[in-house]
Each structure stands twice: as structure tokens, then as C-alpha cells.
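Have a look at the structure below, then the notes.
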Amino acid sequence: MKRNSVAVVGAAETTEMGRIPNVSVMGLHADAALNALKDAGLKPTDIDGVATAGASPVELAHYLGITPTYADGTSVGGCSFMLHVRHAAAAINEGLCNTVLITHGESGRSRVGAGGRFGGGGGSSLSGQFEAPYGPVGPPSMFTIPVLRYMKTNGVTEEDLAMVAVVQREWAALNPRASFKEPITVDDVLDSRMIAWPFRMLMCCLVTDGGGALILTSAERAKDFPQKPVYILGTGESVETPMVSQMEDFNSSKAFRVSGKKAFDEAGIKHSDVDHLMIYDAFAHLPLYGLEDLGFCKPGEAAGFINERNTAIGGKLPLNTNGGGLSYMHSGMYGMYAMQESVRQLRGIAPAQVPNAKISIAHGVGGMFAASGTIVFSNEKG
Amino acid sequence: MDRVLPQPTPETQHFWDGCKAGELRLQRCTDCKDAYFPPRPFCPKCGSRSVEEFKATGRGFLYSYVINHRPRPDLGTEPHSIAVVQLDEGPRMMTNIVGCPQTPEALKLDMPVEVTFQSFSDDISLPFFQPVGA
């Protein structure tokens, strides 16, 4: 911690205290936040970092109308907010954001909107009230909802969606650890079992078991370790909404755009500098959104970019070279595996190695377009 | 199996009371005039606590959807639409499109739709949308 480098400029509690039967948990967060913003003379749009425990920072940001480049959901009990202050100080010093809002709200006595005994908003959360009753069954029928609008806007076909899975299977064939290695065709994908039209089974990620871990230290120390260091060149993050139905634009992810731009700005690189790319592919449309929202393709051009084999073996932008969530593995939170492949590529030990890869980007999604994180890796200290 | 139903909070009660009364109620900011959804007691655009409820037209168009084939016992056994409509007032909301076959041919993007309510309990009616004139 750099001493005296960060200050508290707004502080307030909820308007009422004690027993508040007419305000839900999220309402208490918002009430305290609006009072603190008033205290500081700020508006929600002046905030670019959020931190909270109990509730999700995604829910908090969307409820208040904040587009952050920093979101901390550290939840370790009653001292979470001290950790939030500490992390916020580091984030501000590191340039991840400028102004962080930390909130607490709890309907400890009245239990309004407090969810069930296992926590979470349950049926009283906004998603529980305004999405769950209409019949979604997990991500396959939720994450997929924006895509028909995207397809109509951009003239993208079901065959284009299928091609994403076909090309990634080609990569998986080179990877002994991939779950699926058999070649597939566009027709195979379109003939596979319908899950949520227009999505077939082979357009959806696997469900497997596994895990991964990373260890980080300073670049100064890194040179004393047995493995070739992989440096963090730039980072980005953002959150948009806990409700897929409330995405600002179904043709594009705001969280992807904000996170990607921040990562490129921090890294100080151009798109042509990127040798290798991982885009979290929970479903076949995600690489399309990712390529466009990260700026590798213009809006509407990602399907053509993939059809022309730019992301395939031998193409100019090798993408999801482990086979991705569609063919390699997906245990539930795949972001870890995307970064593992970036590290392998930059160490030069990937099964489908990209020759002389120096810069790799791992771009992840959280929830259903709810959140995003982007890491630019390099094997040159620069 | 009983339908999964929303559990209103004090901040959303007016919306569900409206559905029960056959009205789609939105909120708007009296400072910046923007209509917004889902309900909350302040404007998500400008942070103003000066907001009001109003009765929406209940009309809009089909913005996007999927036809879910995965089992969801409280909605029956047939594939069903999970849709997002864009209301004439601007906000979008998730819903089911009813009153037409649950097929890509019948569910045309941008087709005009209108709200219709179905009661599921003494307290909860869900807002569905149907093609205009269905």
C-alpha cells in the first residue's frame, strides 16, 4: 500500500435504520449509495468501480446505472468492506479505475428480498421476478436469447453459427486432452439435438469436471523461477447486468467492449500485435460477439471472418486453440482454462502451438453477458 | 407442477398490483423523463429519486427470443418461446409470446405484440404478449 495515496470522499448510511419493512436488500444498498453519492457531490455515472458483499457487484452496478472498469465481489464475512477498501486503494493506484463505490445493505431483521435460507435473491431478485417465471432452464435458454436479434441485424445464418463449432473442433483434434476430437461438419451441428432454437447441442459447451490454478508474483522475482515467465501486459474488466433481458444492445456486449478497450489501452498494443486469442465460448455465438466487441472485426463481420478461416489452423488469428468450451472442456467457469491455454502458448508448449506466439489475449465472460474480464499476456518483459 | 412465480418486493409491488388489475405499469424519471424497467425507486440513468409510475400502452414488438426445448415441468412438455419484447415506451422485458404457434415461422422478429395477463394465484398475474390482433 502506498501511504496516504487514496482518500474517502463520500460516506453515508441508509436513510432509515432499525426496522425497515418497506425496503429490500438491494433497495438498502441503493439508498446508502445514493446518500453517499450526494455526500460526495457525485452522480452514479461518475463512479467507475464497485465493490460489495452479500449482493453481486453486477446487480449493484446495473441497479444504480453504473458502468465500471473495476468490480470487487470479495465476500469473506463482516470484514469484507475493509478488504474492499484495501483492494480499491490498490485498484486506484494501479489505474484500474478512479472512483470506487463500496456498499452494504442487509435486511437482517425484516428479511425483505433477502432470499431463501441459502442466501441470494431467489424469487425476489429482479431476475427471479422478471425472468425466471418465463421458463428459462439455465444458460442454454438464457445466454442464447440475444442471438436472433444479432443474426437479423447482421445477416448471420444458422450455418454461420454452426461453423464456429466446426472450426473449434479442428483445433481440438490436435489436443490429446480435448473431450471431443472427431471432426464435425456444419450439417452435423445443425442435425444435433435442438436445445433452444436456434441453438443445437453442438453449439453449446460441454459439461465436464476439472480445474486449474495460477500463481503470480512480481516480474522482478519471476525470472528466478523454473518456468518461462508469462507477463501481464494489460487487463480489463466490466459488468453490465445480471439480467440478459436487460442488456443495452443485443448485438453487442457492453461489458466486453469496456473490458476489452481497457485491456488494449493498458497494454498499449494494436490488434495486429496479437498472436493468439482465447474467447470464452460457452455457446457458439460468443466468439462472434467477442471478435467484434474486442475490435478484431467490425460489427457484423465476425461470422465472415471465421468462415474465411482466419481463426482456424494456419489462419492469421488463431482462436480457442485448445478446442474451447465447445470441444475441449467446460466445468462451469471456463475462464481459468482460457488463461491456461494462453500461458501454454506463450511458454511454447501448447499441443496446437502457434509458432513464435508473443502476445496472447484471454477474454472471459461471466454469467450471461453479465460480466467480462480481459487479460493481455506477453512472454517478453518489454 | 405449480408455475414458478415472482416474489414481489416493496420496490416492485406496484408492478405486480398493476398486472393483477390488468395494467402494465412502468416508471419514469420526472427529471430526465426516461421510462425504465425493471422497477426501482430511483432513475437508473441519472440517480434522481424523483420518479413516478404510469400505465404503459402494453404494445411493443418482438425483439429477440429462443424456443426452449429443455424440460421445465411447470411450463408443460411442449417447446415454448422465451422472448424479449421492446415496449413502445422504450424498455425491454422478458416474457412468453402466446396466442400463436411456438415456431420460428410464427414468431417473426419485429412483429407487433400486445400484452395479455394470465392469473396464476390470488396475487400474481404474469404479463404475456401476443401478436397484435391474435
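Chain naming here is simple, since letters A, B, ... match the order of the sequence lines and numbering starts at 1 in each. Computed from heavy atoms alone, side chains included, the values below leave out hydrogens, waters and symmetry copies. This structure is a prediction, so every number in the text was calculated from the model and none was measured.
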Give, for atom [atom1] of [X] and atom [atom2] of [Y], the distance between the pair rounded to the nearest 0.5 Å.
| X | Y | atom1 | atom2 | answer |
| --- | --- | --- | --- | --- |
| Y134(A) | M93(B) | OH | CE | 4.5 Å |
| L148(A) | I67(B) | CG | CD1 | 8.0 Å |
| R70(B) | R193(A) | CZ | CZ | 8.0 Å |
| Y63(B) | I145(A) | OH | CD1 | 12.5 Å |
| N68(B) | M142(A) | CG | CE | 10.5 Å |
| F130(A) | F15(B) | CZ | CZ | 5.0 Å |

Exercise. Determine, step by step, whether D31(A) and F42(B) satisfy the side chain to side chain contact (heavy atoms under 4.5 Å, CB included) criterion, reporting the C-alpha distance in whole Å, the side-chain angles of both residues, the deciding distance to 0.1 Å, and the verdict.
Key: CA-CA 9 Å; D31(A) 181 40; F42(B) 57 90; over 6 Å; no
Between [options], which residue shows the highest count of heavy-atom pairs closer than 4.5 Å to chain B?
| options | result |
| --- | --- |
| K43(A), M151(A), Q246(A) | Q246(A) |
| G135(A), S141(A), G128(A), G65(A) | G135(A) |
| L126(A), V147(A), V244(A) | L126(A) |

Quiz item: Given L62(B) and R149(A), is the side chain to side chain contact (heavy atoms under 4.5 Å, CB included) satisfied, shown in steps?
Solution: CA-CA 10 Å; L62(B) 180 56; R149(A) 173 55 54 182; over 6 Å; no
Exercise. Return yes if some donor-acceptor pair links the side-chain N/O of E131(A) with the main-chain N/O of M94(B) below 3.5 Å, else return no.
Key: no
Quiz item: Just by distance, do the side chain of S124(A) and the backbone of Q7(B) share a donor-acceptor pair under 3.5 Å?
Solution: no
Relative to chain A, which of [options] shows the most heavy atom pairs under 4.5 Å?
| options | result |
| --- | --- |
| V84(B), V4(B), L5(B), T95(B) | T95(B) |
| K45(B), Q13(B), H69(B) | H69(B) |
| L126(B), I124(B), T12(B) | T12(B) |
| R40(B), H80(B), R92(B) | R40(B) |

Could you look at [X] and say if it's the side chain, the backbone, both or neither that has a heavy atom under 4.5 Å from chain B?
| X | result |
| --- | --- |
| M243(A) | side chain |
| T45(A) | side chain |
| Y63(A) | both |

Tell me the closest heavy-atom pair linking [X] and [Y], and the distance in Å.
| X | Y | answer |
| --- | --- | --- |
| L109(B) | K152(A) | O-NZ, 3.5 Å |
| P44(A) | G47(B) | CG-CA, 3.9 Å |
| Q129(A) | P8(B) | OE1-CA, 3.5 Å |

Side chain, backbone, both or neither: which part of [X] has a non-hydrogen atom closer than 4.5 Å to chain A?
| X | answer |
| --- | --- |
| P127(B) | both |
| P91(B) | neither |
| R3(B) | side chain |
| L75(B) | side chain |
| D74(B) | neither |
| F128(B) | side chain |

Quiz item: After noting the C-alpha distance and the side-chain angles of T9(B) and V25(A), does the key distance pass the side chain to side chain contact (heavy atoms under 4.5 Å, CB included) rule?
Solution: CA-CA 9 Å; T9(B) 61; V25(A) 169; over 6 Å; no
Exercise. Report, as yes or no, whether the 6.0 Å neighbourhood of atom CD on E159(A) holds more than 12 heavy atoms from other residues, nucleotides or ligands.
Key: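 Counting neighbours around CD of E159(A), more than 12 heavy atoms of other residues, nucleotides or ligands fall under 6.0 Å, so yes.
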Self-check item: Heavy-atom check, side chain of Q86(B) versus side chain of F250(A), under 4.5 Å
Solution: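 No. Closest side-chain heavy atoms not under 4.5 Å.
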Self-check item: Close side-chain approach of P104(B) to W197(A), heavy-atom, < 4.5 Å
Solution: yes
